[in-house]
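I have placed the structure first, in the form of structure tokens, so that the comments after it can refer back to it.
One-based numbering, in listed order, for ligands and for the atoms of each. Starting from 1, each residue takes its place in the sequence as its number.
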Amino acid sequence: MDSRELFSQSSRLFPGGVNSPVRYYEPYPVFMKKGEGSTIYDVDEKPYTDFCLAFGPLILGHSHPEIVSAVRSAVGNATSLGAPTENEIRLGSMITAAVPSVKKMRFTNSGTEATMHALRLARGFTGRNIILKMEGGFHGSHDYALIKSGSGTLTFGNPSSQGIPPEVSRTVVVGQYNNPGSIEEIFRKYGKDIAAVITEPIMGNAGVIKPEKDFLEFLREITISHDSLLILDEVITGFRFGFRGYQDIAGVSPDLTTMGKIIGGGFPIGLFGGRDDIMDKISPVGPVYESGTFSGNYVTMAAGIAALKQLKNMDYQGLEAKSEMFEKALGENLQHDEKFAVSRFGSMFQIFLGIDHPGSYDEVIKADSRKFMKMFHLLLKKGVYMAPGQFETNFISFAHSKEDLEISALKIAEAMRETEKN
Ligand SMILES: Cc1ncc(COP(=O)(O)O)c(C=O)c1O
């Protein structure tokens, strides 16, 4: 069956035919079947060089043999044990050694769960109600995160969402990433009631927006001076630029950190963790409740351990060099009159059409989504699979070869020219 036929079946079962809205695009999404290294294959066996990489977890590429082997062997013992296991200690120890601000942690099954619990914990610990998040910042799809968020909520024109009670919205205030003035103003008004500031260190759900110098340090200082907590949402950035969190690169130590994606080796995972005194407020030792049938799942832990073992020895500088070469190749090929910008941070990148300075949410929101999707479809034809949305991030993995990147840069340039033509 081809994608069109599969879509007609899936749309009878799932809203929009998908189990996450970011996977949908018109007229229907290509159904995928298999992944290997830097390549994803659709149901007709057509290969694509994959820059979506399952929205971020696959920094080692698809089906890394060490992860596959670890998972096979774990499944031989158990699928889920619902009791503490040594695997949790192994993965937890690797994480705390690599991200020193995470003294204690809890594993969850998704980044959404991780930020939801982290926000409840911040409120429980401080006894305050207000959360400050950034406009366009995405922290998953629970009520407290879906206030002026990014990713699919921008693509689909729902900056928030229906179904969120006004009582909830009133406890979340929205500041501007890279704009200390906007944050200061909010602290002047609500400072003593702010439980926490949560931000992605590098915005990755409004395309890629890089942090301006000292913005994260500024957030650290203002939260300390108001006895509020700083939560860095490293669901995308954790272990992406080195065997550590971005916080260590930026030199900013948050009170709490959330992670996901990469640390599960391609299996469902999330994590929230941080200071001992804060984490000890979590049940059963403390009064803030949090639980999950599948949290710390035996197989997921095995996949995560295998992924981090690999990553410990990977050449992150080489990944940066490859990504820089790709950006250069794009720059050389993409010479034409219309406005565009390539925004890259390490192995994260996005191409913005219709704008030339993606420095803030206000700027990127003016990008031309319609044109972007035209380019996306042209690229599908050419065998390049980008994340299907102007406000998503694309990723380069260790599995991408120099040749993958050179050829893709040419195809992207071609697709852009064709996009502008009609
Ligand atoms: C920064 C950030 N936080 C949280 C999430 C939510 O993670 P999940 O999709 O695993 O629930 C995402 C998802 O893309 C994310 O990018």
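- Residue contacts with ligand 1 for Phe138 involve both N, CA, C or O and side-chain atoms from C-beta outward (heavy atoms, distance under 4.0 Å).
- Distances between N or O atoms of Gly111 and those of ligand 1 include at least one value under 3.5 Å.
- Near Glu200, meaning under 4.0 Å from one of its heavy atoms, ligand 1 places the atoms 1 (C).
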Stepwise, does the ring pair (Phe, Tyr, Trp, His ring centres under 6.0 Å) test hold for Phe372 with Phe391?
-> CA-CA 10 Å; Phe372 180 90; Phe391 303 112; 8.6 Å; no
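- Protein heavy atom at the shortest distance from atom 3 (N) of ligand 1 is Asp233 OD2, 2.6 Å.
- Per-residue contacts place Ile236 under 4.0 angstrom from the following atoms of ligand 1 (heavy atoms of the residue considered): 16 (O).
- Annotation: cation-pi geometry satisfied between Lys34 and Tyr41 (NZ/CZ under 6.0 angstrom from ring centroid, within 45° of ring axis).
- The Ser110 neighbourhood of ligand 1 comprises atoms 10 (O), 11 (O), with distances under 4.0 Å to a heavy atom of that residue.
- Nearest protein neighbour of atom 13 (C) of ligand 1, counting heavy atoms only, is Lys261 NZ, 3.4 Å.
- Contact of the Leu256 side chain with the Ile278 side chain is registered, since non-hydrogen atoms from C-beta on lie closer than 4.5 Å.
- Residues Glu66 and Lys309 are not paired through a salt bridge, judged by the lack of any N-O separation under 4.0 Å between the basic side chain and the carboxylate.
- Atoms of ligand 1 found under 4.0 Å from any heavy atom of Gly140, numbered from 1 in the order shown, are 4 (C), 5 (C), 6 (C).
- By heavy-atom distance, the residue among Val22, Asn109, Thr112 lying nearest atom 9 (O) of ligand 1 is Thr112.
- Of the charged side-chain nitrogens involved, at least one lies within less than 4.0 Å of a carboxylate oxygen, so that Glu320 and Arg344 count as a salt-bridged pair.
- A salt bridge links Arg220 with Asp255; the closest basic N to acidic carboxylate O contact falls under 4.0 Å.
- With Tyr144 as the aromatic partner, Arg123 meets the cation-pi criteria of under 6.0 angstrom to the ring centre and within 45 degrees of the ring axis.
- Atom NZ of Lys46 is surrounded by more than 12 heavy atoms from other residues, nucleotides or ligands within 6.0 Å.
- Counting the atoms of ligand 1 from 1 in the order shown, those under 4.0 Å from a heavy atom of Asn205 are 1 (C), 15 (C), 16 (O).
- Among the atoms of His139, none of the N or O lies under 3.5 angstrom from an N or O of ligand 1.
- Neither the backbone nor the side chain of Glu113 comes within 4.0 Å of ligand 1, counting heavy atoms alone.
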